[in-house]
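Let me begin by presenting the structure, written as structure tokens, before commenting on it.
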Amino acid sequence: MKVNLQDNFSISKLVIGCMRMNEWNFSIEQRVEFVEWCIEQGITTFDHADIYGGNHHNEALFGEVLKMKTQLRDEMEIITKCSMCVRNDENPNIKTRYFNTDREYIINQVNKSIEKLNCDYIDLLLIHMHDLLVNPKELNDTLNQLRDEGKVRYFGLSNHNPLEFDTLQKYVDVKFVTHQIMLHPLGIENYKNGTMTHCLKEGIHPMFWSPLAGGRIFNPTNALEENMKNVLEGIRQELHLEEIDEVIYKWLLMHSSDPTIVLGTGNRERIKRAIHSLEGMQMTREQWYKILIEAGYKLW
Ligand SMILES: NC(=O)c1ccc[n+]([C@@H]2O[C@H](COP(=O)([O-])OP(=O)(O)OC[C@H]3O[C@@H](n4cnc5c(N)ncnc54)[C@H](OP(=O)(O)O)[C@@H]3O)[C@@H](O)[C@H]2O)c1
């Protein structure tokens with residue numbers, strides 16, 4: 001299943017997040033097999049960032065797949081992000097984390113991503129976090145340059161509040177085609193701060209990252225998390241689903257903005273459950289609001 005972001009550009013409703021790819025400990029053969037399997041399942045979009053994998057460089061792990069099977073490039077959409085500067089092997093002199101959206105920095109990061117990923121272009125580039133020192137006019141020139149040079153096809157933002165999003169969009173010629181934001185039953189800030197409503201207003205299909213709260217939902221560490229697990233378990237039984245991850249995916253997908261979900265697992269059984277959650281019975285409004293309220297949203 002695909003979601004159309006703009007013109008002829010669509011991504012798959014489920015996206016494989018590559019942030020933990022180094023933790024999966026796949027051999028190169030297993031990585032190739034995994035990517036091929038995902039594409040066979042209809043999951044054709046892969047989400048990266050220049051910083052994923054820390055010193056392990058997950059973009060390069062993925063690039064090895066494309067080096068081995070170059071034909072796969074035409075069957076997928078590649079997303080990557082930049083703007084977060086952190087200390088790693090490549091940047092050992094960084095002492096304090098910070099954000100950077102300077103022209104030279106972004107162009108350099110995109111060139112590095114393209115090289116590591118072993119591809120000629122990025123389908124979708126996201127500004128990873130809002131840079132408080134951003135110069136919107138300079139950003140416009142940068143994005144236009146990347147588009148004109150054929151290095152990036154489409155652009156979007158990640159982790160910006162509605163005002164930050166609108167301010168950048170005002171100065172940037174290209175339309176931001178998506179907003180990648182955190183959303184899960186232990187983290188509903190984007191419902192509270194108006195970001196989800198902003199997506200509806202602007203006709204933006206959001207991408208939800210850490211849909212399972214990074215796995216925390218399965219191993220509660222406090223009373224609120226324990227309560228949420230019980231609530232999800234109750235709804236799982238009512239819907240006759242196998243595991244609570246399916247309940248969460250169904251909950252995330254109920255929003256009218258037609259969102260996409262960035263999965264964090266490399267486990268095929270879990271990915272199959274995510275696919276299964278796209279089908280069959282939806283939860284009721286009452287069940288949906290129950291999760292929202294237990295997550296800490298005050299209706300009145
Ligand atoms: N834009 C941003 O700022 C941003 C920030 C963070 C992440 N992201 C993107 O979002 C993607 C997903 O984030 P995420 O990895 O945090 O997603 P997630 O789905 O919330 O968490 C994945 C973790 O949950 C574990 N898990 C899944 N099902 C489980 C189960 N039934 N029982 C126990 N553990 C389970 C996984 O382990 P297994 O691998 O063993 O299944 C994995 O460690 C990332 O890869 C990245 O692409 C974007």
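Starting from 1, each residue takes its place in the sequence as its number. Atoms within each ligand, like the ligands themselves, are counted from 1 in listed order.
- Proximity to Ser210 (heavy-atom distance under 4.0 Å) selects the following atoms of ligand 1: 10 (O), 12 (C), 13 (O), 14 (P), 16 (O), 17 (O), 18 (P), 20 (O).
- Note: Phe165 and His179 have tilted aromatic rings, judged against thresholds of 30 and 60 degrees for the angle between ring planes.
- Every atom of ligand 1 is numbered from 1 in the order shown, and the set under 4.0 Å from a heavy atom of Cys18 is 45 (O), 47 (O).
- For a threshold of 3.5 Å applied to N or O pairs, the pair formed by Met19 and ligand 1 contains at least one separation below that value.
- Residue-environment remark: CD (Gln237) exceeds the threshold of 12 foreign heavy atoms within 6.0 Å.
- In the vicinity of Leu263, heavy-atom distances shorter than 4.0 Å reach the ligand 1 atoms 11 (C), 12 (C).
- Of the protein's heavy atoms, Gly214 CA, 3.2 Å lies nearest to atom 21 (O) of ligand 1.
- Counting atoms of ligand 1 from 1 in the listed order, those under 4.0 Å from a heavy atom of Asp47 are 9 (C), 46 (C), 47 (O).
- Met129 and Leu124 end up in different hydrophobic clusters when Ile, Leu, Val, Met, Phe, Trp and Tyr side chains are linked at under 4.5 Å.
- Remark: ligand 1 and Ser158 share an N or O pair separated by less than 3.5 Å (distance only, no angle test).
- For atom 27 (C) of ligand 1, the nearest non-hydrogen atom of the protein is Leu212 CD1, 3.6 Å.
- Below 4.0 Å from some heavy atom of Pro211 lie the following atoms of ligand 1, by number and element: 17 (O), 18 (P), 19 (O), 20 (O).
- Near His128, the atoms of ligand 1 lying under 4.0 angstrom from a non-hydrogen atom of the residue are 1 (N), 2 (C), 3 (O).
- Proximity to Val262 (heavy-atom distance under 4.0 Å) selects the following atoms of ligand 1: 9 (C), 10 (O), 11 (C), 12 (C), 47 (O).
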Could you give me the CA-CA distance, side-chain angles and deciding distance for Lys151 and Asp120, then say whether salt bridge (charged side-chain N to carboxylate O under 4.0 Å, His left out) is met? CA-CA 7 Å; Lys151 288 181 177 166; Asp120 296 331; over 6 Å; no

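- Atoms of ligand 1 found under 4.0 Å from any heavy atom of Gly215 (numbered from 1 in listed order, with element): 21 (O), 23 (C), 24 (O), 25 (C).
- The minimum heavy-atom distance linking Met196 with Ser257 is given by the pair CE-OG, 4.1 Å.
- More than 12 heavy atoms of other shown residues, nucleotides or ligands fall within 6.0 angstrom of atom CD in Glu279.
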